[in-house]
Novice: 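Quick one: structure below, then a few questions.
Both ligands and their constituent atoms are indexed starting at 1 by order of listing.
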Amino acid sequence: MDTSGKIITCRAAIAWTANSSLSIEEVQVEPPKAGEVRIKMVSTGICGTDDHTIKGLLSAVFPFIPGHEGAGIVESIGKGVCSVKPGDKVLTLIIPQCRECSSCLHPKGNFCEKQDVLPSSGLMLDGTSRFICKGKKIHHSFRASTFTEYTVVPEIAVAKIDDAAPLDKVSLISCEVPTGYGAAVHSAKVTRGSTCVVYGLGGIGSAIVMGCKASGASRIIGVDINEEKFPRARALGVTDCLNPQKLKKPVQQVVREMTGVGVDFAFEAIGLSDVMLAAWDSCHLSHGVCLIVGVAPVNSKLSLAAPMIVSGRTLKGVCLGDYKTRDCIPQLVTSYLQNKINIDPLVTHQLPFDQLHKAFELYHAGKTIRCILLF
Ligand code: APR
Ligand code: ZN
């Protein structure tokens, strides 16, 4: 049945208010307007950011449809869309690439001015929404909204990927893989023989570990309060595991002592300002590089010992591995298909979309690295 130009009624998960449980509802999804794409979702990962957004810790406008790590097939396109066509396999992009703004035109960096994360308006580029439920306007999240059978996103937030890509898995390449693996290999450019510490061994931290290992790091220290994460982290390349709650000294001091002076590269993949400080203080004073990958709660602040900044360390934030998203993320999919990156160990669970609540229970119990929901 040709659905183009028509409203589609389908199932979607809605966060009605902060900290309430998601409810699966029947929603109406409007057709894409000019410059927009409607996607039939095939899979979506559950990322720490989704959990934090639903809890109201990050910028979001309620009610909204969460989820941003998605893979699907283009159902229809609005006027003027030329980079994808119906039937194409695509990934949703939490950071768009408009190719026109100051970020996109700069050779480095990727934080496109058309992003809708910091802060989030929950609206399309024209200031309206494409979702309705029970007669109410429902907001989008992060230019994506993937916890729905159909979504509408701007063309600039869609990456066309290889026709051979397995859509039940590559949703992870929409966020987790570029965010984690990319932070290590592309943004930090971890060097052969270097020492690294990764704070947080969840989905993003695991992908960072993979990137450190692929770059030839000689020592990778993994830090997590959940020791259930350690065996898998070791399998991915972590050489030493630390549970900060079981240490007699601050974890950053232990990391410095283990490496003599401090690590070459430190990564924060949790989103807590205290841990960001620990990562910064784990670094070698002269040339250590600290990458902040986790997204901290709105209005939280970071307070650094000012005199110590001069010694030469670098503190750098990074989203999606600094990749210019539409240009580079499809290449990561191709690398996966060519067996140059193996994302399979990151997928610990796959469940049907209607078992969303079970997926969140597993996530909250710390049992998952990534749970992928299948439509
Ligand atoms: N110290 C050490 N580890 C911690 C702490 C802490 N204080 N608090 C939580 N953790 C661990 C958890 O046990 C978990 O293993 O951090 C890990 C976080 O992983 P996930 O919940 O799987 O989240 P993830 O999807 O990896 O996202 C992490 O990256 O993209 C950002 O916004 C996202 O801030 C989030 C972060
Ligand atoms: Zn841009």
Novice: Going by the order shown, which atoms of ligand 1 are within less than 4.0 Å of some heavy atom of Gly200?
Specialist: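 So the atoms of ligand 1 that pass are 16 (O).
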Novice: About how large, to 10 degrees, is the angle SG of Cys101, then the Zn ion (ligand 2), then SG of Cys104?
Specialist: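 Answer comes to 110°, rounded to 10°.
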Novice: For a quick test of reading the model, state the closest non-hydrogen atom pair linking Pro345 to Asn342 and the distance between them.
Specialist: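 Heavy-atom minimum between the residues: CD-O, 3.4 Å.
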Novice: Show the nearest heavy-atom pair for residues Ile369 and Thr348, with the distance to one decimal.
Specialist: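 Taking Ile369 first and Thr348 second, the nearest heavy atoms are N-OG1, 3.0 Å.
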Novice: Taking atom types as modelled, is there a side-chain donor on Arg130 or Thr128 under 3.5 Å from an acceptor on the other?
Specialist: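 Arg130 vs Thr128: donor-acceptor pair found between side chains.
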Novice: By number and element, which atoms of ligand 1 are closer than 4.0 Å to a non-hydrogen atom of Gly271?
Specialist: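 Close to Gly271: 34 (O).
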Novice: Looking only at atom types and distance, does a side-chain atom of Ser120 sit under 3.5 Å from a main-chain N or O of Val117, one as donor and one as acceptor?
Specialist: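 Side chain of Ser120 to backbone of Val117, a donor-acceptor pair under 3.5 Å: no, none is there.
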Novice: N/O of Val275 under 3.5 Å from N/O of ligand 1, yes or no?
Specialist: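 It does not: no N or O of Val275 is found under 3.5 Å from an N or O of ligand 1.
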Novice: Could you check Glu113 against Ser102 for side-chain hydrogen bond (donor to acceptor under 3.5 Å, both in side chains), going step by step and ending with a plain yes or no?
Specialist: CA-CA 7 Å; Glu113 290 177 29; Ser102 62; 2.3 Å; yes
Novice: Going by the angle between their ring planes, with limits at 30° and 60°, are Phe360 and Tyr363 parallel, tilted or perpendicular?
Specialist: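 Perpendicular: the ring planes of Phe360 and Tyr363 meet at over 60°.
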Novice: Short N/O distance, under 3.5 Å, between Tyr363 and ligand 1?
Specialist: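 Indeed, backbone or side chain, Tyr363 has an N or O that close.
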Novice: Side chain or backbone, does Gly203 bring an N or O within less than 3.5 Å of an N or O on ligand 1?
Specialist: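 There is such a contact, yes.
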Novice: Nearest heavy atom to atom 18 (C) of ligand 1: which of Ala269, Gly205, Gly48 does it belong to?
Specialist: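 The option holding the nearest heavy atom is Ala269.
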Novice: Nearest protein heavy atom to atom 19 (O) of ligand 1, by residue and atom, and its distance?
Specialist: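 For this ligand atom, the closest protein heavy atom is Gly202 CA, 3.3 Å.
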Novice: Nearest 10°: the angle subtended at the Zn ion (ligand 2) by Cys112 SG and Cys98 SG?
Specialist: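 The angle at the Zn ion (ligand 2) comes to 100°, rounded to the nearest 10°.
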Novice: Applying a 4.0 Å heavy-atom criterion (strictly less than), which segment of Arg370 is in contact with ligand 1: side chain, backbone, both, or neither?
Specialist: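 Side chain only; the backbone of Arg370 stays clear of ligand 1.
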Novice: How many angstroms lie between atom CD1 of Ile73 and atom OH of Tyr150, to the nearest 0.5 angstrom?
Specialist: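 If we round to the nearest 0.5 Å, Ile73:CD1 and Tyr150:OH are 9.5 Å apart.
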Novice: Heavy atoms only: give me the nearest Ser171-Gly45 pair and the separation to one decimal.
Specialist: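 Ser171 and Gly45 have their closest heavy atoms at OG-N, 4.1 Å.
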Novice: Heavy-atom contacts with Thr49 under 4.0 Å: which atoms of ligand 1 show up? List them by number with element.
Specialist: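 Those qualifying, in numeric order: 30 (O), 31 (C), 32 (O), 33 (C).
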Novice: Measure from the side-chain N and O atoms of Asp88 to the backbone N and O of Val74, and report whether any donor-acceptor pair falls under 3.5 Å.
Specialist: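 Judged by distance alone, no pair lies under 3.5 Å.
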Novice: What's the shortest distance from atom 27 (O) of ligand 1 to any protein heavy atom, and which residue and atom give it?
Specialist: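 Result: Ile204 CG1, 3.4 Å.
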Novice: So which heavy atom in the protein is nearest atom 16 (O) of ligand 1, and how far is it from that ligand atom?
Specialist: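 Of every protein heavy atom, Ile270 CG1, 3.5 Å lies nearest to atom 16 (O) of ligand 1.
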Novice: For ligand 1, which is the ligand I care about here, please tell me if Val295 has any N or O atom under 3.5 Å from one of the ligand's N or O atoms.
Specialist: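 Such a contact does occur with ligand 1.
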Novice: Using a 4.0 Å cutoff against the non-hydrogen atoms of Asn226, which atoms of ligand 1 qualify?
Specialist: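 Listed by number with element, the hits are 13 (O).
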Novice: For ligand 1, note which part of Tyr199 has a heavy atom under 4.0 Å away: side chain, backbone, both or neither.
Specialist: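 Under 4.0 Å from ligand 1, Tyr199 contributes no heavy atoms.
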Novice: To check your reading of the model: name the closest protein heavy atom to atom 1 (N) of ligand 1, its residue, and the distance in Å.
Specialist: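 Looking at atom 1 (N) of ligand 1, the protein heavy atom closest to it is Ile225 CG2, 3.7 Å.
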Novice: About how many Å separate CD1 of Ile95 and CG of Leu118, when rounded to the nearest 0.5 Å?
Specialist: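 With rounding to 0.5 Å, CG (Leu118) is 7.5 Å from CD1 (Ile95).
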Novice: As an exercise, identify every atom of ligand 1 less than 4.0 angstrom from a heavy atom of Leu272.
Specialist: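 Taking each heavy atom of Leu272 in turn, ligand 1 has 7 (N), 8 (N) under 4.0 Å.
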Novice: Say whether Asp224 and Tyr199, considering side chains only, have a donor N or O and an acceptor N or O under 3.5 Å apart.
Specialist: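 Their side chains do not contain a donor-acceptor pair, so the 3.5 Å distance test is not met.
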Novice: Which residue holds the protein heavy atom closest to atom 13 (O) of ligand 1, what is that atom called, and what is the gap in Å?
Specialist: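 Here the closest protein heavy atom is Asp224 OD1, 2.6 Å.
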Novice: For ligand 1, which atoms, with element, lie under 4.0 Å from some heavy atom of Gly294?
Specialist: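 Taking each heavy atom of Gly294 in turn, ligand 1 has 29 (O), 31 (C), 34 (O), 36 (C) under 4.0 Å.
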Novice: CE/Met276 to OG/Ser303 distance, rounded to the nearest 0.5 angstrom?
Specialist: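 Spacing of CE (Met276) from OG (Ser303) equals 13.5 Å.
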